[in-house]
There are 2 protein chains.
Amino acid sequence: MSDEAPEGRPLRADAQSNHDRLLTVAAQAFARDGAAASLRAIAQEAGVGIGTLYRRFPSRESLVEAVYRNEVAGLCRAADELIGEAAPLDALSAWMERFVDFMHAKHGMKDTLRGVLTSEDDRLRTRALLCDALATLMDAGIREGLVSSGPDPYDVLMTLGGITLIAEDRARALRMTDLLLNGLRARTPPLDSLVVVDGRDG
Amino acid sequence: MSDEAPEGRPLRADAQSNHDRLLTVAAQAFARDGAAASLRAIAQEAGVGIGTLYRRFPSRESLVEAVYRNEVAGLCRAADELIGEAAPLDALSAWMERFVDFMHAKHGMKDTLRGVLTSEDDRLRTRALLCDALATLMDAGIREGLVSSGPDPYDVLMTLGGITLIAEDRARALRMTDLLLNGLRARTPPLDSLVVVDGRDG
DNA sequence: CGTATTAGCGGAGCGTGCTCCGCTTACATG
DNA sequence: CATGTAAGCGGAGCACGCTCCGCTAATACG
C-alpha cells in the first residue's frame with residue numbers, strides 16, 4: 001500500500017502514513033459496506049480527521065479510484081493477453097465480459113464509478129488507461145476487417161460504462177454488451193461487391 | 001395539475017390539495033435548481049411538512065417521475081406518429097434522438113432517472129410505457145426485415161438509458177446511439193441470397 | 001348535529017457529505 | 001540544538017435525505 005507516489009514534492013512523513021492508512025481502511029470498508037461506506041467512519045477508523053480524508057481525496061470518486069487502481073490496471077493489461085490468445089472479436093467480447101464482471105463486483109458503487117469514467121479531472125488516469133486498452137482491442141479487429149473503423153473507442157468505452165451502470169443483473173449486461181459488439185462489427189462483405197441473386201422483394 | 005388520480009379510494013380533500021401543490025412546486029424547483037433541489041425546501045414552499053412529502057412520494061424518483069409523467073407520455077406517443085411518417089430505421093433513430101434530448105434537458109437528474117428506469121416498483125409505470133413505445137418501433141423495423149428480431153426491447157431501452165446516463169454531451173450521446181442502432185440492424189440482405197461478384201480479397 | 005375513527009400531518013432527530021479555518025508539528029536552515 | 005514557517009491536521013458546523021410517531025382534523029355514520 002506504499003506504492004502511492006503523488007506527483008510534486010513528496011508528502012511529509014506523517015502525511016504519507018495517513019494517506020496509506022486511509023487507503024487500507026477504505027479498501028476494507030468498501031469491501032464490507034459497499035460504496036455506501038461512511039467516509040466519516042473511514043477517517044475515524046484510520047485515525048485521522050474527516051478534514052484530512054477530504055484534503056487527500058477531494059471526492060468520493062478519487063478515493064474509490066485510488067482503492068481500485070491496481071484492479072483496473074490489471075483489467076487493462078488483460079487486453080494485451082487476450083489479443084494474443086483469441087480472435088479479435090472473441091478477445092473484444094471476452095474483455096467486455098471481464099469489464100462487466102469487474103463493475104458488477106463493485107455492486108452499489110455505480111454513481112461513484114460513473115464519476116470515475118466521466119470526470120474531467122486529469123488526476124484520474126483510470127479512464128485513459130481503459131480507453132487505451134479498448135482501443136488496442138478494436139485496432140486488432142479493424143486490421144482484420146472485422147471491426148468497423150468508425151466508432152471512437154472513447155464512445156465505446158462510455159457505452160460499455162453506461163451498460164454496466166444501468167444493468168441490474170449480469171445476464172442483462174452481457175446481452176446488452178452483445179448488442180454493442182454487434183454494432184461494432186464491420187459490415188462484411190462490403191455491399192458494393194455484392195449483388196442480389198434471389199431477392200424475395202426488398 | 002389535478003389530473004393525478006391514484007388508485008384505491010380517493011384522497012381526502014386536504015391530502016389531494018397538498019399532493020397537487022407539491023407537484024406544482026416540485027416542477028418549478030426542479031426546473032430552477034435541477035435534480036439537486038432540496039426536498040425540504042420543496043415541502044416548505046408547498047406549505048407542508050417534510051413528512052408529508054415523503055409519505056406521498058416515498059423516493060426522490062417517484063416525485064421526479066410524477067413531475068415528468070406527462071412529458072414521458074408525450075415521448076411515447078411520438079413513437080406512433082414517427083412510424084407513420086418515416087421509414088422504420090429513421091423512425092427509430094428519430095425517437096432515440098428525442099429520448100436523448102429529453103434526458104439531456106433533465107441535466108443533473110441522472111441518478112434519479114436511473115432509478116426511474118431500473119426501479120422494481122410497479123407504481124412507476126414510466127418504464128413500461130417507454131418499453132412499449134420502443135417495442136412498437138422495433139416491430140415496425142422487424143416486419144420489414146430491417147431490424148433484428150433478437151434483442152429484447154427492454155435491453156435496448158436500458159442501453160439507451162445507460163447512454164444518456166453517462167454521456168456528458170449531446171453529440172457523444174448521439175454517436176453512441178448510432179452505435180446501438182447499428183447493433184440493432186438486421187444483417188441485410190440475407191447472406192444466402194448473395195454472391196460475391198467482385199471480391200477484392202476478404 | 002354530535003361523535004368515533006382513522007387518514008393524514010409535520011417536525012424532531014439521526015446519520016450523512018462536504019467546507020472552512022485556527023491549531024499543531026515536521027522539517028529545513030543556521 | 002534552536003527556531004521559523006508552511007504543510008498538514010481535525011473537528012465544528014451547515015445543509016442534506018429520510019424515518020418515526022404522537023397529534024389533528026376530515027369524513028362517515030347514527
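All values reported here derive from a predicted model rather than from experimental measurement. A note on names: the letters A, B, ... follow the listed sequences, proteins ahead of strands, and every chain is numbered from 1. No hydrogens, no waters, no symmetry mates; every other heavy atom, side chains included, goes into these values.
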Phosphate OP1/OP2 of dC18(D) contacted by Ser59(B) side-chain N/O (<4.0 Å):
no
Note: for Ala41(B) and Asp14(A) on DNA chain D, the residue whose nearest nucleotide lies more 5' is Asp14(A)
Nearest listed nucleotide, side chain of Ser38(B), among dA12(C), dT27(D), dG17(D)
dG17(D)
Between Arg55(B) and dC9(C), does any side-chain N or O lie under 4.0 Å from OP1 or OP2?
yes
Nearest-Å distance, CZ (Arg12(A)) to P (dC27(C))?
7 Å
Asp33(B) CG to dA15(D) P: how many Å, rounded?
15 Å
At under 4.0 Å between heavy atoms, what does Ala13(B) touch on the DNA or RNA strands: base, sugar-phosphate, or nothing?
sugar-phosphate
Between dG8(D) atom C1' and Tyr54(A) atom OH, what is the distance in whole Å?
18 Å
Give a yes/no answer on whether the side chain of Arg40(B) brings an N or O atom under 4.0 Å of OP1 or OP2 in dC18(D).
no
Can you tell me how far P of dC9(C) sits from CD of Gln44(B), to the nearest Å?
17 Å
Residue of the set Arg69(A), Glu71(A), Glu65(A) for which side chain to side chain donor-acceptor pair (under 3.5 Å) holds with Thr126(A)
Glu65(A)
Please check if the number of heavy atoms outside Gln44(B) that lie under 6.0 Å from its CD is greater than 12.
no
Answer yes or no: does a side-chain N or O of Arg60(A) lie under 4.0 Å from OP1 or OP2 of dG17(C)?
yes
Nucleotide nearest Leu39(B) (side chain, heavy atoms from C-beta), chosen from dG10(C), dG17(D), dA25(D)
dG17(D)
Between dA7(D) atom P and Arg56(A) atom CZ, what is the distance in whole Å?
12 Å
Going by atom types alone, do Arg56(B) and Thr52(B) pair a side-chain donor with an acceptor below 3.5 Å?
no
Between P on dA7(D) and CG on Leu11(A), what's the gap in Å once rounded to a whole number?
12 Å
Most 5' of Ala37(B) and Gly51(A) on DNA chain D, judged by nearest nucleotide:
Gly51(A)
Rounded distance (nearest 0.5 Å) linking atom CZ of Arg175(A) with atom CG of Leu180(A)
15.0 Å
Whole angstroms only, please: what is the CG-P distance between Asp20(A) and dG8(D)?
14 Å
Relative to each other, are the rings of Phe102(A) and Tyr68(A) parallel, tilted or perpendicular (30° and 60° limits)?
perpendicular
Would you say a side-chain N or O of Thr52(B) is under 4.0 Å from OP1 or OP2 of dG8(C)?
no
Given dC9(D), dC18(D), dC27(C), identify the nucleotide with an atom nearest to the side chain of Ala15(A).
dC9(D)
Is Asn18(A) near enough to dC9(D) that one of its side-chain N or O atoms lies under 4.0 angstrom from OP1 or OP2?
yes
Ile42(A) has an atom CD1; how far is it from atom P of dG11(D), in whole Å?
16 Å
